[in-house]
There are 2 protein chains.
Amino acid sequence: MDALLLSVLEAEPLHGYAIIEALQARSGGVLNVPTGTVYPALRRLEQAGYLASEWATVGGRKRRTYRLTSAGRTALAGERSAWREFATTIASVLEPRTAE
Amino acid sequence: MDALLLSVLEAEPLHGYAIIEALQARSGGVLNVPTGTVYPALRRLEQAGYLASEWATVGGRKRRTYRLTSAGRTALAGERSAWREFATTIASVLEPRTAE
DNA sequence: GCCTATCTATAGACACTCTACATGTAGAAC
DNA sequence: GTTCTACATGTAGAGTGTCTATAGATAGGC
């Protein structure tokens, strides 16, 4: 989850609601992450120093916009390589061997 | 986890300890799954009807050997496709360029 | 006798996700 | 003018599963 959030915030800062929409869009509509997952996760990541937030009012609605910090960029790089390693490991167990 | 267990039991029945070693071997030593994870998981899978077990005594030591049931084979196929879909989805968010 | 490897198993802590709830604005539909 | 949908944030509590730590037991090497 953390990696996904950091990833959608890589290109541009977004607020919570937009992040959820971005996740859906990027995954082709598959990912449907509930607010009860996203908002606490964003706070956790801010607490960890990977994100920074600012309040803004757009069209009478208040938004909390999150952006990646430099520590967040480093963390994202780590999450990416961790994911690749993880995916490779799982695949090595799960997928039948073709070259044995 | 469930998928990994079903997968190592696909070719041949194994007992818990051997399953842990098989997971390590297949993953190139990366996966180090503790017994506190494996044994409850095996019971859960047996409860679900995906595995069946038999006790055997080999060299004075008691072993509980698990084997895949036909329902387990079906479940494994489902887990495999679920994993592929999941991995594709995560990758599409994490690495947008590769999944366009 | 002691240590390591083999073998199974449980209890409790820990972390995270999900459901459901709680609150409020803006604009379109009727 | 009221109702519905979309926008927008947030918390509480349940549920699930993994990990750490612990426990007991046999076999074989030193």
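Chain naming here is simple, since letters A, B, ... match the order of the sequence lines and numbering starts at 1 in each. Computed from heavy atoms alone, side chains included, the values below leave out hydrogens, waters and symmetry copies.
Of all the heavy atoms in A:Leu94 and B:Arg80, the pair that sits closest is O-NE, 2.5 Å.
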(message) Does A:Ser53 form a side-chain hydrogen bond (donor to acceptor under 3.5 Å, both in side chains) with A:Glu46? I'd like the steps, not just the answer.
(response) CA-CA 8 Å; A:Ser53 69; A:Glu46 187 174 20; 2.8 Å; yes
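Between A:Leu45 atom CG and C:dC16 atom P the separation is 10 Å, expressed in whole Å. Here the C1' atom of nucleotide D:dT26 and the CH2 atom of B:Trp55 are 13 Å apart, to the nearest Å. With rounding to whole Å, A:Asn32 atom CG is found 14 Å from C:dT17 atom C1'. The distance between atom CG of B:Leu42 and atom C1' of D:dT18, rounded to the nearest whole Å, is 14 Å. Between the P atom of D:dT5 and the CD atom of A:Glu21 lies a distance of 17 Å, rounded to the nearest Å. B:Ile20 has its CD1 atom 14 Å from the C1' atom of D:dT18, to the nearest Å. Rounded to whole Å, the distance from CD on A:Gln24 to C1' on D:dA6 is 13 Å. Between A:Glu46 atom CD and D:dT9 atom C1' the separation is 14 Å, expressed in whole Å.
A salt bridge does not link A:Arg26 to B:Glu95: none of the charged nitrogens lies less than 4.0 Å from a carboxylate oxygen. We find that A:Glu12 and A:Arg67 are not joined by a salt bridge, their nearest charged nitrogen and carboxylate oxygen being 4.0 Å or further apart.
Taking the nucleotide of DNA chain D with the nearest heavy atom to each of A:Pro40 and A:Arg61, the more 5' of the two is matched to A:Arg61. Across the interface with DNA chain C, nearest-nucleotide mapping of A:Asp2 and A:Gly59 shows A:Asp2 to be the residue nearer the 5′ end.
Side-chain nitrogen and oxygen atoms of B:Arg44 include none within less than 4.0 Å of the OP1 or OP2 phosphate oxygen of D:dT16. Taking only side-chain nitrogens and oxygens, B:Thr35 never comes nearer than 4.0 Å to OP1 or OP2 of C:dT8. The side chain of A:Arg43 contributes no N or O atom lying less than 4.0 Å from OP1 or OP2 of D:dT9.
In the region residues 85-95 of chain A, proximity to DNA chain C at under 4.0 angstrom, judged on heavy atoms, holds for none of the residues.
Of all nucleotides listed (D:dT18, C:dT6, D:dT9), D:dT18 comes nearest to the side chain of B:Thr37. Nearest nucleotide to the B:Arg64 side chain, out of C:dA5, C:dC18, C:dA9: C:dA9. Here the nucleotide nearest the side chain of B:Pro34, chosen from D:dC19, C:dT10, D:dT9, is D:dC19.
The neighbour count for B:Glu21 CD, taken as heavy atoms of other residues, nucleotides or ligands under 6.0 Å away, is above 12. The number of heavy-atom neighbours closer than 6.0 Å to OH of B:Tyr50, taken from other residues, nucleotides and ligands shown, is 12 or below.
Within the 4.0 angstrom heavy-atom criterion, only backbone atoms of the sugar-phosphate kind lie near B:Gly60; the bases stay farther away.
You'll find the side chain of B:Leu31 reaches within 4.5 Å of the side chain of B:Leu4, heavy atoms only.
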